[in-house]
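Single-structure report; data block below.
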Amino acid sequence: MKHVFKYLKPYYLHMIFAWALMLTELAVELMLPFFLGKMIDQGIVTGDLDTIIYWGSIMVGLALLSFAAGIINSFYSAHVTFRFGYDIRQKLFEKVQAFSFKNLNEYPTSSLITRFTNDIRMIQNGIFMGLRIMLRAPLLVLGGVIMAFIVNWRIALIFLVTVPLLIGFLLLIVKKAGKLFGKVQERLDNVNRVMQENLSGIRLIKAFLRKKHETNRFMGANTELMKYTKTSLRLIETSMPVLLFVMNMSLLFILWYGNIEVGRGNAQVGDVAAIINYALRVSMAISMFGFLTMAIARMKASAERISNVLDAEIDLLEADDANDQYRVTDGAVEFSNVSFRYPSLKEDVLSELSFTVKPKEKIAIIGATGSGKTSLFQLIPRLYDVSEGTVYLDGHDVRQFKMDHLRRAIGFVPQAPLLFTGSIRENIRWGKNDATEAEIIQAAKDAQIHDTIADLPNGYDTKIGQKGVNLSGGQKQRVSIARALIRHPKILMLDDSTSALDLKTESRLLDAIHDYQCTTLIVTQKVTTAMSADRIFLMDDGELLDVGRHDELMKTSDLYRKIVESQFGKEGAHEL
Ligand SMILES: Nc1ncnc2c1ncn2[C@@H]1O[C@H](COP(=O)(O)OP(=O)(O)O)[C@@H](O)[C@H]1O
Ligand SMILES: [Mg+2]
């Protein structure tokens, strides 16, 4: 939690200023009833107009001062709150950018979104309250009681009963509420998660007629949220009437007992008026505690959740002894006894893989779904780290590279092409920030998508994603290939990225890639694609079953022959 509040540090001066102003407000608030008592006793009771005007103008002056202090305080409190929110959002964003795939598995998108929005707002709320009333409420209670004793200690004795009673009662409520608010936040996460899944899959849901099922699922999450919100708000609400009752009883008591004391000559009418005034202010301050503690409880729960993200250990850190001189220049890849297991799984998905790929070699990786092709890919740019063994690029352990130098040399086209909202040009340039127009067009041409783009009404300026055109699967694949090609990577990795292309387009694409002179690893399901490679890696169940050229594998590998036959029939397989 400390982690979160240290971001307030740059604003300490502002905060101190805000508190100073708050203390001014507080002082005025404590003085006013005192002067009111004086005005009543010295002016109103005796009918002395000059004295009334004298005390009256002092009180008006003080009220104006307090008013001004309040406004400036709000101004500074808001300033601190906004700046803090801005800073922490930025930090959180940077942290999430550094997240490894493992971290991302731990914090689903929905929960990160809740943290970015709702949780930060809760903390901001808490800070604003903190600057406006956090200190003021307890000080007002304390100061009010002291002033009441100064005015008339006999009548003020009632405070010794009511104040501890109210505070004790509130503490009880707060303790319960704190736990409840943590639960509310979790339920909010759930609602966001269901909603997010639903929104991203809304087309599929419609196609599968799952509307009812989804609506029920949402209703479940939403009901849970309502239930907990209701319980926690009810708790706060019930505290109000109790507070008012105790307050009213004590006012009645002050009037009754004050009257007796005035009769005995132990007190003046102004004393009673002043003490009633203090009693009102003190109970107001105590009820402010209610809101305040609610805000604090929420802030605490939210700060905890944000700290968790900020403190999350990133397992794929750059090694301390990473060598700044290491570069991937040739693109030689070596796996040495590599085993890999996802942190959430008990069994290896890759077991003891060993192979070498020469610079500029073209490798096709073929194998059933789930055989570990994507997992193997992820180890090269260190999206995950190996569990055992070593991955070498140009003879250096990938963990010894500076992350930047490692990933800059790799063009990675993931299995599910992901394009960002924006123009096609922006999406291609995403692979290389300083790419020129000519480079963008060249990359698009090589990825066999230039003609398609040129035919679009706005060409490269065509917007994709939300509110833009929807590209087909194959078109998306090619845009994301262009995005990888524009980097002129030393190692190009296509994870089944040509699955939606027809044979002709694909073969032109592979020819174009050939000119890039980079080591190329292509995951594919298609024998035709595999055939064009220098070597084929046949994967099965996390193991490298066979390696060789197409004609070699046809002779040596039963599994490979089966795959070929399944795609071309027994006859066709012979002709290949
Ligand atoms: N993020 C993940 N967490 C846990 N298990 C995973 C994850 N991704 C893939 N797997 C599992 O790892 C195995 C290999 O998957 P993958 O490498 O994606 O295979 P392929 O790309 O060959 O289809 C599968 O059994 C799959 O269920
Ligand atoms: Mg895969």
Side-chain angles (χ1 to χ4, degrees), residues 96 98-112 193 196-197 200-201 312-316 333 335 337-355 357 363-389 391 398 410-418 473-474 476-478 480-481 484 491-501 506 520-530 533 535-547 553 557 559-560 562-564 566-567:
V96 173
F99 263 17
S100 68
F101 279 37
K102 180 181 159 211
N103 293 125
L104 289 170
N105 280 347
E106 280 164 21
Y107 294 99
T109 316
S110 52
S111 110
L112 287 176
R193 184 174 50 81
Q196 196 220 345
E197 278 175 14
S200 53
E313 208 171 304
I314 294 178
D315 52 333
L316 282 165
V333 181
F335 274 50
N337 279 318
V338 169
S339 295
F340 173 66
R341 177 182 326 121
Y342 286 100
S344 55
L345 299 184
K346 286 201 185 69
E347 293 201 7
D348 287 352
V349 294
L350 297 176
S351 39
E352 306 207 3
L353 288 187
S354 289
F355 61 82
V357 177
I363 301 290
I365 302 169
I366 199 164
T369 44
S371 57
K373 305 179 298 291
T374 299
S375 308
L376 182 155
F377 261 26
Q378 289 173 342
L379 300 180
I380 297 173
R382 284 190 76 201
L383 299 177
Y384 282 97
D385 267 338
V386 296
S387 309
E388 269 157 67
V391 175
V398 282
I410 296 172
F412 182 77
V413 183
Q415 194 162 4
L418 178 73
K476 277 189 202 157
Q477 283 184 339
R478 280 173 285 164
S480 55
I481 291 174
I491 301 172
L492 178 67
M493 304 200 295
L494 307 180
D495 191 351
D496 213 3
S497 312
T498 56
S499 59
L501 304 192
E506 183 182 25
T520 310
L521 305 173
I522 301 181
V523 164
T524 182
Q525 308 279 352
K526 291 187 278 190
V527 171
T528 46
T529 316
R535 280 191 297 162
I536 300 169
F537 286 9
L538 188 61
M539 283 197 69
D540 188 39
D541 203 13
E543 287 179 45
L544 201 50
L545 213 59
D546 279 306
V547 176
L553 290 183
S557 168
L559 178 61
Y560 186 71
K562 263 195 205 133
I563 296 174
V564 175
S566 75
Q567 292 185 16

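Owing to the predicted nature of the structure, the values given are computational and were not obtained by experimental measurement. Each ligand, and each atom within it, is numbered from 1 in the order the structure gives.
- Closest to atom 20 (P) of ligand 1 among all protein heavy atoms lies G370 N, 3.4 Å.
- Here the rule is side chain to side chain donor-acceptor pair (under 3.5 Å) with S499, and of Q525, Q477, E506 only Q477 fits it.
- Taking CG of L544 as the start and CG of L538 as the end, the distance is 8.0 Å to the nearest 0.5 Å.
- Considering CD of E313 and CD of E106, their distance stands at 10.0 Å, rounded to 0.5 Å.
- Checking side-chain atoms of K562 against main-chain N and O of S557 turns up no donor-acceptor pair under 3.5 Å.
- Between the OG1 atom in T524 and the CD1 atom in I365 there is a gap of 10.5 Å [rounded to 0.5 Å].
- For D541, the CG atom is loosely surrounded, since the number of other residues' heavy atoms within 6.0 Å does not exceed 12.
- Around the Mg ion (ligand 2), the protein atoms of type N, O or S that sit closer than 2.8 Å are T374 OG1, Q415 OE1.
- In this structure, the protein non-hydrogen atom closest to atom 18 (O) of ligand 1 is T374 CB, 3.6 Å.
- Atom 5 (N) of ligand 1 is flagged as protein-proximal [any protein heavy atom, distance under 4.0 Å].
- Atoms of ligand 1 lying under 4.0 Å from any heavy atom of S344, numbered from 1 in the order shown and given with element: 3 (N), 4 (C).
- Taking any N or O of Y342, backbone or side chain, at least one lies under 3.5 Å from an N or O belonging to ligand 1.
- Among protein heavy atoms, atom 15 (O) of ligand 1 sits closest to S375 OG, 3.7 Å.
- For atom 19 (O) of ligand 1, the closest non-hydrogen atom on the protein side is G372 N, 3.2 Å.
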For this session: Evaluate side-chain contact (heavy atoms from CB on, under 4.5 Å) for F340 paired with Y342, printing each intermediate quantity in order.
Result: CA-CA 7 Å; F340 173 66; Y342 286 100; 3.7 Å; yes
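- The closest donor-acceptor contact from the side chain of S351 to the backbone of D348 lies at 3.5 Å or more, if one exists at all.
- For the pair P414/D495, no side-chain contact is recorded, criterion being any heavy-atom separation below 4.5 Å from C-beta on.
- Counting atoms of ligand 1 from 1 in the listed order, those under 4.0 Å from a heavy atom of A368 are 22 (O).
- In terms of N/O distances under 3.5 Å, ligand 1 is not approached by V349.
- Scored by the ring pair (Phe, Tyr, Trp, His ring centres under 6.0 Å) test, F412 finds no partners at all (sequence neighbours excluded).
- Interatomic distance, K526 NZ to I366 CD1, rounded to the nearest 0.5 Å: 11.0 Å.
- Checking atom 26 (C) of ligand 1 against the protein gives no heavy-atom contact under 4.0 Å.
- Counting the atoms of ligand 1 from 1 in the order shown, those under 4.0 Å from a heavy atom of L345 are 4 (C), 5 (N).
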